2 protein chains.
Amino acid sequence: MKSLHDMPEGAASASVSLDRLFELAEVLGTLMEHGVAERGLTRARAGLLWALFHDGAMTQRALAGQLGVTPRNVTGLLDALEADGLVVREAHPTDRRAMLVSLTESGRTLTDGLRRGRDALALELFGEMPASQLAAIQDGLETVLARLRAIDRVDG
Amino acid sequence: MKSLHDMPEGAASASVSLDRLFELAEVLGTLMEHGVAERGLTRARAGLLWALFHDGAMTQRALAGQLGVTPRNVTGLLDALEADGLVVREAHPTDRRAMLVSLTESGRTLTDGLRRGRDALALELFGEMPASQLAAIQDGLETVLARLRAIDRVDG
DNA sequence: CTACATAGTGAAGTCACTTCACGATATGCC
DNA sequence: GGCATATCGTGAAGTGACTTCACTATGTAG
């Protein structure tokens, strides 16, 4: 008799892989949440800092676009980050409606720490691994990611 | 000159892999959220249904443990699911303090649909892929997951 | 039978998010 | 210049997922 709901062999294997993927996503998310919480941040706030860290000063509208959330939400996140002194809102040089948001010194220090933490995690996960296996993983992830994005574009 | 913050070659490769992993986790999460929303559910509520689907009727306390949330939270999720007729709370046969939660017919139909959707996604992501590549991916995921869990147990 | 642990829930609060309405400014057009 | 219209940020109000704390009802061990 067959296990896993009587599906053909390949389908069962695919299902298992997807399960691993979900599990991985969850554990990874939790881990990141904890790491970020240790520095007094939440995921959403850290995401905003990360965007500024990578792409530099930006308008709130641009941040909203980058993060895929409403401008109103960005306002709220910034209120908290600014109160913590991690971020500053300055007048936009040419558009008086807009605010230019940038990291403070303290915000830059924090995001630098985040980057170091992420790099350390990358090494723990992928370090000391045969190059061939790393390549296979990278290739596999790339393939799956491509298919995933294809689905998103079709019915997302 | 070196790219990616002057890190050694292996570290940079590891970093890229981790980035892919995060990206994959995010896209996968969003996709699942949408799929679940189409059936009138949220992620948390779907997670609860999924637990019941897999492990059968359970006490609220047990559900809280399974989901890794507080019992109070389960109460709230169940209030919503019960209002939607997807779940029933019955008196526990031997413990009069406890509630036995189980799927209704409608709840079972819904979770069945979720399972089919998941299986379909698994096929879209991993179907029509050379067996060797699938095996490599599975192996890679397993390895990374093991390392991730090791970290979780140490400093989580 | 008393002491203590456990199951569920009300009350209150936090955080991420949304929509809608509004004031302030920019911009295109005549 | 002047007016319509789009855009930038924010107040108000609401939802969903969480939490902690306090409390009632019940089980259980000594």
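Since the model is a prediction, treat every value here as computed from it, not as a measurement.
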Student: Check whether any side-chain heavy atom of B:Phe126 lies under 4.5 Å from a side-chain heavy atom of A:Arg147, and answer yes or no.
Tutor: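 Answer no - side chains too far apart.
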
Student: Roughly how far apart are A:Gln133 CD and B:Thr143 OG1, rounded to 0.5 Å?
Tutor: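 It is 4.5 Å, given to the nearest 0.5 Å.
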
Student: Measure the distance from CG on A:Leu78 to C1' on D:dC8 and round it to the nearest whole Å.
Tutor: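 Roughly 13 Å, once rounded to whole Å.
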
Student: In chain order, what residues pass the salt bridge (charged side-chain N to carboxylate O under 4.0 Å, His left out) check against B:Arg96, with sequence neighbours excluded?
Tutor: none

Student: Could you tell me whether the side chain of B:Glu82 and the main chain of B:Arg89 form a donor-acceptor pair under 3.5 Å?
Tutor: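 Yes, the answer is positive, given that a donor and an acceptor are paired below the 3.5 Å cut-off.
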
Student: Mind checking side chain to side chain contact (heavy atoms under 4.5 Å, CB included) for A:Asp19 and listing every partner two or more places apart, or none if nothing turns up?
Tutor: B:Arg118

Student: Report each atom pair, protein N/O against N/O of nucleotides 14-17 of chain D, whose distance is under 3.5 angstrom.
Tutor:
residue : atom : partner : partner atom : Å
D:dA17  : OP1  : B:Thr42 : OG1          : 2.1
D:dA17  : OP2  : B:Arg45 : NH1          : 2.9

Student: Residues in salt bridge (charged side-chain N to carboxylate O under 4.0 Å, His left out) with A:Arg108, at least two apart?
Tutor: none

Student: Please collect all salt bridge (charged side-chain N to carboxylate O under 4.0 Å, His left out) contacts where either partner lies in residues 42-60 of chain B, sequence neighbours excluded, each pair once.
Tutor: B:Glu33-B:Arg43

Student: Which pairs, protein N/O on one side and nucleotides 26-30 of chain D N/O on the other, fall under 3.5 Å?
Tutor:
residue : atom : partner : partner atom : Å
D:dG27  : OP1  : B:Arg96 : N            : 2.8
D:dG27  : OP2  : B:Arg96 : NH2          : 3.4

Student: By side chain to side chain contact (heavy atoms under 4.5 Å, CB included), which residues pair with A:Asp84, not counting sequence neighbours?
Tutor: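 Per chain and number, A:Asp84 pairs via side chain to side chain contact (heavy atoms under 4.5 Å, CB included) with A:Leu86.
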
Student: Between B:Ile151 and A:Glu124, is there a side-chain heavy-atom distance shorter than 4.5 Å?
Tutor: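 SC-SC contact between A:Glu124 and B:Ile151 confirmed.
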
Student: Between A:Thr104 (side chain only) and A:Gly85 (backbone N and O only), is there a donor and an acceptor less than 3.5 Å apart?
Tutor: yes

Student: Using salt bridge (charged side-chain N to carboxylate O under 4.0 Å, His left out) as the criterion, list what pairs up with B:Glu142, not counting sequence neighbours.
Tutor: A:Arg20

Student: For the helix from C:dC1-D:dG30 to C:dC30-D:dG1, figure out the bend between the end axes, five pairs an end, and round to 10 degrees.
Tutor: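 The angle separating the two end axes equals 10°.
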
Student: Figure out the CZ/P separation between A:Arg89 and D:dC8, and round it to whole Å.
Tutor: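 Taking atom P of D:dC8 as the reference, CZ of A:Arg89 is at 15 Å.
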
Student: For A:Arg97, give me all partners under side chain to side chain contact (heavy atoms under 4.5 Å, CB included), at least two apart in sequence or on another chain.
Tutor: A:Asp95

Student: Using side chain to side chain contact (heavy atoms under 4.5 Å, CB included) as the criterion, list what pairs up with A:Ser102, not counting sequence neighbours.
Tutor: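 Partners of A:Ser102 under the side chain to side chain contact (heavy atoms under 4.5 Å, CB included) test: A:Ala57, A:Val88, A:Glu90.
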
Student: Under a criterion of less than 4.0 angstrom to any heavy atom of chain A, what are the 5'-terminal and 3'-terminal contacting nucleotides of DNA chain C?
Tutor: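 Going 5' to 3' along DNA chain C, contacts run C:dC15 to C:dA26.
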
Student: Is the distance from OP1 or OP2 of D:dT10 to the nearest side-chain N or O of A:Gln60 less than 4.0 Å?
Tutor: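 Indeed, a polar side-chain atom of A:Gln60 lies that close.
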
